[in-house]
Amino acid sequence: MLIEGYGHGPVVAGESLLGRRGFWTNHLLVLCGDGTCAGRADPEWFGGDGGDADALAEVLFDPEQWPVFRVLVPDGHPASGVVVVYRNLVDEFGVDYLPGGPTTGTGAGFSPALVSGLSWRELVRVADCPEPPADGVQDGAGRFLLLLPLLSGEWSDEVVRERIIADLVAVGAPECTVGRAAGHLLGHLERRALHDTGWGSPLSGG
């Protein structure tokens, strides 16, 4: 697998990691690293425990292998897909979101341009696209949660909270604490969002 702009960086398909306990703790708690919350999120809210999260972090943040998660859409779909790359440089870690084409495979390239945000409508459209390409994430809940950190613009808190709760349960989060997890994530998304009436998503041509 090659990604334009990453040279021959050690990118590897990461889709098999989605079912591992501790994955969603690592991926979603990146949202909560801004120091603005009064209480600390519990890894168990997202399934697994701290030990599971620590074990999987060694895989996700390995500088020798950068996991890539492909959230692709079929040809002719009204929105573009997104490729999530764990850019595990020793001195510059980050999670990059790149526009992704409808198909991929060894030798396929992606644009190095970053996706900076998705509107609620775009996020749902990509996550719930029918018959996603075989290469990449198939499950709608996983697709939605992978792209949740991109949510930008305006949204209905009630609608977003309901979707987060449903999808967290679908990927194994405990029902007894999923409301707290959803509220925690939504609070951070709201604090990060700076709505601009002129904002346009790079996936919509704006």
Side-chain angles (χ1 to χ4, degrees), residues 1-20 23-24 26-28 30-31 56 59-89 92-153 155 160 163-164 167 170-171 185 189 192-193 199-206:
M1 181 189 300
L2 298 178
I3 298 181
E4 184 180 351
Y6 287 78
H8 292 279
V11 294
V12 296
E15 288 84 6
S16 64
L17 299 176
L18 296 185
R20 296 269 300 272
F23 175 82
W24 294 110
N26 280 291
H27 186 71
L28 294 175
V30 171
L31 279 173
L56 197 56
V59 178
L60 285 173
F61 308 126
D62 182 355
E64 301 299 323
Q65 296 191 85
W66 301 358
V68 174
F69 304 89
R70 295 159 292 183
V71 185
L72 306 177
V73 296
D75 284 318
H77 195 270
S80 299
V82 179
V83 178
V84 184
V85 182
Y86 274 68
R87 175 175 36 82
N88 297 330
L89 294 170
E92 188 186 345
F93 162 78
V95 179
D96 292 342
Y97 296 85
L98 313 177
T103 58
T104 186
T106 302
F110 299 107
S111 167
L114 297 177
V115 178
S116 58
L118 293 177
S119 69
W120 171 250
R121 181 179 179 183
E122 289 171 326
L123 173 56
V124 172
R125 183 179 289 169
V126 173
D128 295 343
C129 82
E131 301 181 3
D135 288 326
V137 182
Q138 302 292 300
D139 176 64
R143 292 167 66 89
F144 175 86
L145 293 173
L146 274 169
L147 302 186
L148 181 61
L150 288 175
L151 181 60
S152 186
W155 59 76
V160 176
R163 177 65 188 258
I164 293 174
D167 285 358
V171 299
L185 294 173
L189 286 166
R192 284 192 352 177
W199 178 83
S201 164
L203 295 189
S204 62

Asp128 meets the salt bridge (charged side-chain N to carboxylate O under 4.0 Å, His left out) criterion, sequence neighbours left out, with Arg163

Contacts of Glu92 that satisfy salt bridge (charged side-chain N to carboxylate O under 4.0 Å, His left out) - sequence neighbours left out: Arg87

Under 3.5 Å, is there a donor-acceptor pair between the side chain of [X] and the main chain of [Y]?
X	Y	value
Gln138	Pro133	yes
Glu122	Ser119	yes
Asn88	Trp66	no
Arg70	Glu15	no

side-chain contact (heavy atoms from CB on, under 4.5 Å) partner of Phe23, chosen from Leu28, Leu60, Val59: Leu60

Nearest 0.5 Å, what's the [atom1]-[atom2] distance between [X] and [Y]?
X	Y	atom1	atom2	answer
His27	Leu18	NE2	CG	9.0 Å
Asp167	Leu148	CG	CG	9.0 Å
Phe61	Tyr86	CZ	OH	5.5 Å
Leu189	Ile164	CG	CD1	6.0 Å

Using the rule given for side-chain contact (heavy atoms from CB on, under 4.5 Å), can you reason through Val68 versus Val12, listing the C-alpha separation, both sets of side-chain angles and the distance that settles it, and then say yes or no? CA-CA 6 Å; Val68 174; Val12 296; over 6 Å; no

Phe144 ring center within less than 6.0 Å of Trp24 ring center: no

Carefully, step by step, assess Leu146 and Val137 under the rule side-chain contact (heavy atoms from CB on, under 4.5 Å). CA-CA 9 Å; Leu146 274 169; Val137 182; 3.7 Å; yes

Which atoms form the tightest heavy-atom contact between His77 and Cys129, and what is the distance? NE2-CB, 3.0 Å

Tell me the closest heavy-atom pair linking Ala170 and Ala141, and the distance in Å. CB-CB, 3.8 Å

Quick one: are [X] and [Y] in side-chain contact, heavy atoms under 4.5 Å?
X	Y	result
Val126	Leu72	no
Tyr97	Pro149	yes
Pro67	Leu17	yes
Val83	Val85	yes
Leu150	Leu123	no

Between Asp96 and Val84, is a side-chain contact (heavy atoms from CB on, under 4.5 Å) present by the stated rule, with each step listed? CA-CA 6 Å; Asp96 292 342; Val84 184; over 6 Å; no

